[in-house]
Amino acid sequence: MLSLIAKPFVWAHHSPLVHRIFAILDKIIASINKNIAVAGLTIGVIITAVNVCCRYLTGLFPDIFQLSLTWAEEMARYCFLWSAFFGAAYGFRKGVHISVTMLLEKFPPKVAKTCVIIIHTLNSVFLAFMTYAGAMVCYDNYMLGYMSEALHNVPLWIFLLCLPFAFFGATYRSIEKIYEISWMEANKVVKNTENEMIHDSVLKD
């Protein structure tokens, strides 16, 4: 029975086509996460800087300039929110989130591998729940018809789409890690985790 269940997974693991499909999918998701994180941070900083300059000029010359951007604070806040969530999702691919492997090194290889799989499984369950919760937040805001405070014609749920999308990307990457570790030799799991944190923390793609 177990061999029948495992057969499609074994086929997928050894299939170049499946590997290529998942490699392309991984690159697309990673690119989306990285680009949105960079764009959100850049736009947020620019909007904040421009608004500060406008307020400074208004303070110096109140009779000449009335340049304070009423929408800038909220818009910058949402830009930083998108940057933070998609940046965190990208961090799951790069392995840059805080991880302590000191305790795992004390365990036998098979126990350490089991612990790592359990950790990623619990992590995937949590991230999947947050994806669902984020989608429900967007849905509730859509049904209630909430609008942005500063941008009155823009529905609030549009800004909150970062929640389900970012958590979905993180969930995919966490599940992908479970798959990778499942096929890895037990004595290489902890060492690979440490090398990935060091290598991917400094590697630029």
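Residue indices begin at 1 and follow the sequence shown. Quick caveat: nothing in here was measured; it's all calculated off a predicted structure.
Thr48 is linked by a side-chain hydrogen bond (donor to acceptor under 3.5 Å, both in side chains) to nothing, counting only residues two or more places apart in sequence or in another chain. Partners of Asn35 under the side-chain hydrogen bond (donor to acceptor under 3.5 Å, both in side chains) rule, at least two apart in sequence or in another chain, are Ser31. Partners of Phe168 by ring pair (Phe, Tyr, Trp, His ring centres under 6.0 Å), not counting sequence neighbours: none found. Residues passing the side-chain contact (heavy atoms from CB on, under 4.5 Å) test with Phe126 are Met130, sequence neighbours excluded. With sequence neighbours left out, the side-chain hydrogen bond (donor to acceptor under 3.5 Å, both in side chains) criterion links Thr42 to no other residue. In this structure Phe165 satisfies the side-chain contact (heavy atoms from CB on, under 4.5 Å) test together with Phe86, Leu161, sequence neighbours excluded.
The two residues Ser148 and Glu74 have their closest heavy-atom pair at OG-OE2, 2.7 Å. Taking each heavy atom of Gly40 and Cys79 in turn, the nearest pair found is O-CB, 3.3 Å.
Using a 30° and 60° split on the angle between ring planes, Phe159 and Tyr78 fall in the parallel class, below 30°.
By the criterion of side-chain heavy atoms lying less than 4.5 angstrom apart, applied directly or through intervening Ile, Leu, Val, Met, Phe, Trp or Tyr residues, Trp157 is grouped together with Tyr139 in one hydrophobic cluster.
With rounding to the nearest 0.5 Å, the separation of CG in Leu127 from CD1 in Ile175 is 9.0 Å. Atoms CG and CD1, from Leu41 and Ile46 in turn, are 9.5 Å apart once rounded to the nearest 0.5 Å.
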Working for side chain to side chain contact (heavy atoms under 4.5 Å, CB included), residues Asp26 and Glu176: CA-CA 9 Å; Asp26 180 66; Glu176 188 182 45; 3.2 Å; yes
Test side chain to side chain contact (heavy atoms under 4.5 Å, CB included) applied to Ile47 and Trp71, step by step: CA-CA 10 Å; Ile47 291 175; Trp71 51 267; 4.2 Å; yes
Stepwise side chain to side chain contact (heavy atoms under 4.5 Å, CB included) test for Ser83 and Ile36: CA-CA 6 Å; Ser83 177; Ile36 291 179; over 6 Å; no
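At least one side-chain heavy atom of Pro164 sits under 4.5 Å from a side-chain heavy atom of Cys138.
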